[in-house]
Amino acid sequence: MRDRVKALLFAAAALLTAIPASAQVGHEPARSPYVDLEYSQELTLLGGYLRTRHDPAGIAPKGRPIAGVRYEIRLTGPLAFSADMIGGPGSRDVIDPLKPVATRKLGTQSNAVVAADIALALNLPGERSWHSLVPQIRAGVGLVSSQAKDDSSGFAFGTRFAFTMGGGVKYVPAGGRFQLRADVTDRIFKLGYPDAYYRLASDNTAVLPGSTAKSFYTHHTALTVGVSYLFAR
């Protein structure tokens, strides 16, 4: 019996000790790390770098600095709609696939790449910031376009449909009209080569082996930072 009483007294003491501690869980409104987002729309000037991926023949536009603009509007709860346009000048290697290896490379060509997309974004803290930060993920569709082409081989980059996905984080000072943001956006689209890149030249070499796919998915991955103007409550 004495052991049971001791056990009950110990349990009661532990419960009384836990009650004050549990009262401290959470934060007073004035000290909460969460702050409601005041504005529903933003316009952002972007700058960064575009990294190009998976180009076995080495003739597509190369990586380059980029600049652009993004508009975003919060729809409901954590969900937002955004529209982007980015682009930048750069270069690409030009080759004649039907010439021998020694004379195949013709030099470089200046060209621009432009991409535009629309997407749905999810603000992970909802309609609030956490310690002035708003982590975000995005997914959508768009277009990637360039006038890069070779008349001799028939290669043309043109305008290609793309899937987009990415994420980033926004720094939103409480009560301010401006914010900073950093994002990674991956645009996934199909690229292909004409038959000339698989044919043997006079030295019995080809740019690509026959096992290389003539049409395949590749990526343009953009790392951007930006300054946003916030408006519309």
Side-chain angles (χ1 to χ4, degrees), residues 45-70 82-119 138-168 182-226:
L45 294 178
L46 301 170
Y49 188 81
L50 178 69
R51 182 188 177 196
T52 58
R53 312 276 292 278
H54 191 49
D55 173 24
I59 60 170
K62 297 181 179 181
R64 65 200 58 218
I66 53 172
V69 63
R70 171 179 295 169
S82 69
D84 286 33
M85 179 172 284
I86 62 157
S91 65
R92 57 178 288 267
D93 291 330
V94 180
I95 65 174
D96 185 337
L98 298 180
K99 288 187 175 183
V101 172
T103 58
R104 186 171 290 161
K105 187 171 181 179
L106 304 181
T108 60
Q109 179 187 80
S110 298
N111 72 285
V113 172
V114 177
D117 60 74
I118 57 174
R138 301 171 63 247
V141 294
L143 300 172
V144 179
S145 183
S146 174
Q147 294 185 358
K149 66 177 182 178
D150 300 326
D151 293 332
S152 61
S153 69
F155 171 78
F157 190 97
T159 298
R160 301 179 181 270
F161 176 82
F163 297 99
T164 65
M165 61 183 68
D183 296 271
V184 176
T185 303
D186 195 20
R187 293 173 173 86
I188 306 167
F189 57 94
K190 266 192 172 183
L191 185 66
Y193 304 124
D195 290 340
Y197 286 83
Y198 302 84
R199 290 164 53 188
L200 296 179
S202 59
D203 62 349
N204 207 34
T205 65
V207 176
L208 298 170
S211 58
T212 302
K214 292 184 179 181
S215 180
F216 52 89
Y217 282 99
T218 187
H219 303 248
H220 279 185
T221 304
L223 174 62
T224 58
V225 294

Give me each pair satisfying salt bridge (charged side-chain N to carboxylate O under 4.0 Å, His left out) with a member in residues 207-223, each pair once, sequence neighbours excluded.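 The answer is D195-K214.
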Is the closest side-chain heavy-atom distance between P56 and F216 below 4.5 Å?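 They are in side-chain contact.
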Between D150 and R92, is there a side-chain heavy-atom distance shorter than 4.5 Å?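 Yes - at least one pair of side-chain heavy atoms lies under 4.5 Å apart.
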Distance in Å, [X] [atom1] paired with [Y] [atom2], rounded so as to fall on 0.5 Å steps:
{"X": "K149", "Y": "F157", "atom1": "NZ", "atom2": "CZ", "answer": "14.5 Å"}
{"X": "I118", "Y": "M85", "atom1": "CD1", "atom2": "CE", "answer": "12.0 Å"}
{"X": "I86", "Y": "L46", "atom1": "CD1", "atom2": "CG", "answer": "8.0 Å"}
{"X": "D151", "Y": "D96", "atom1": "CG", "atom2": "CG", "answer": "11.5 Å"}
{"X": "D183", "Y": "R70", "atom1": "CG", "atom2": "CZ", "answer": "4.5 Å"}
{"X": "R160", "Y": "L191", "atom1": "CZ", "atom2": "CG", "answer": "5.0 Å"}

Which residue is it: D93, D55, T108? I am looking for the one with a side-chain hydrogen bond (donor to acceptor under 3.5 Å, both in side chains) to K62.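 It is D93, the one option of D93, D55, T108 that forms the side-chain hydrogen bond (donor to acceptor under 3.5 Å, both in side chains) with K62.
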Sequence-distant partners of S153, side-chain hydrogen bond (donor to acceptor under 3.5 Å, both in side chains), two or more places apart: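 Per chain and number, S153 pairs via side-chain hydrogen bond (donor to acceptor under 3.5 Å, both in side chains) with Y197.
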Keeping S110 on the side-chain end and S91 on the backbone end, is there a donor-acceptor pair under 3.5 Å?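 Not a single qualifying donor-acceptor pair exists.
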T164 (side chain) donor-acceptor with G140 (main chain) under 3.5 angstrom: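 Indeed, once roles are kept as given, a pair shorter than 3.5 Å links the two residues.
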Taking every non-hydrogen atom, the tightest pair across [X] and [Y]:
{"X": "I188", "Y": "Y217", "result": "CG2-CD2, 4.0 Å"}
{"X": "A196", "Y": "L98", "result": "O-CD2, 3.9 Å"}
{"X": "L208", "Y": "A57", "result": "CD2-N, 3.9 Å"}
{"X": "T218", "Y": "H54", "result": "OG1-O, 3.1 Å"}
{"X": "H220", "Y": "D186", "result": "O-OD1, 3.4 Å"}
{"X": "P89", "Y": "R64", "result": "C-NH1, 3.3 Å"}

F189 six-ring centre to R187 NZ/CZ under 6.0 Å and within 45° of normal: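 Not satisfied by the 6.0 Å and 45° rule.
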Would you call the rings of Y198 and Y193 parallel, tilted or perpendicular if under 30° counts as parallel and over 60° as perpendicular?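 Tilted.
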Is the shortest distance from a Lys or Arg side-chain nitrogen in D117 or R138 to a carboxylate oxygen in the other one below 4.0 Å?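 Counted as a salt bridge, because a side-chain N and a carboxylate O are separated by less than 4.0 Å.
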List the steps, then state whether side-chain contact (heavy atoms from CB on, under 4.5 Å) holds for I66 with Y49. CA-CA 5 Å; I66 53 172; Y49 188 81; 5.7 Å; no
The criterion is side-chain contact (heavy atoms from CB on, under 4.5 Å); which residues satisfy it with R104, sequence neighbours excluded?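 Result, side-chain contact (heavy atoms from CB on, under 4.5 Å) vs R104: I95, V101, A201, D203, T205, V207.
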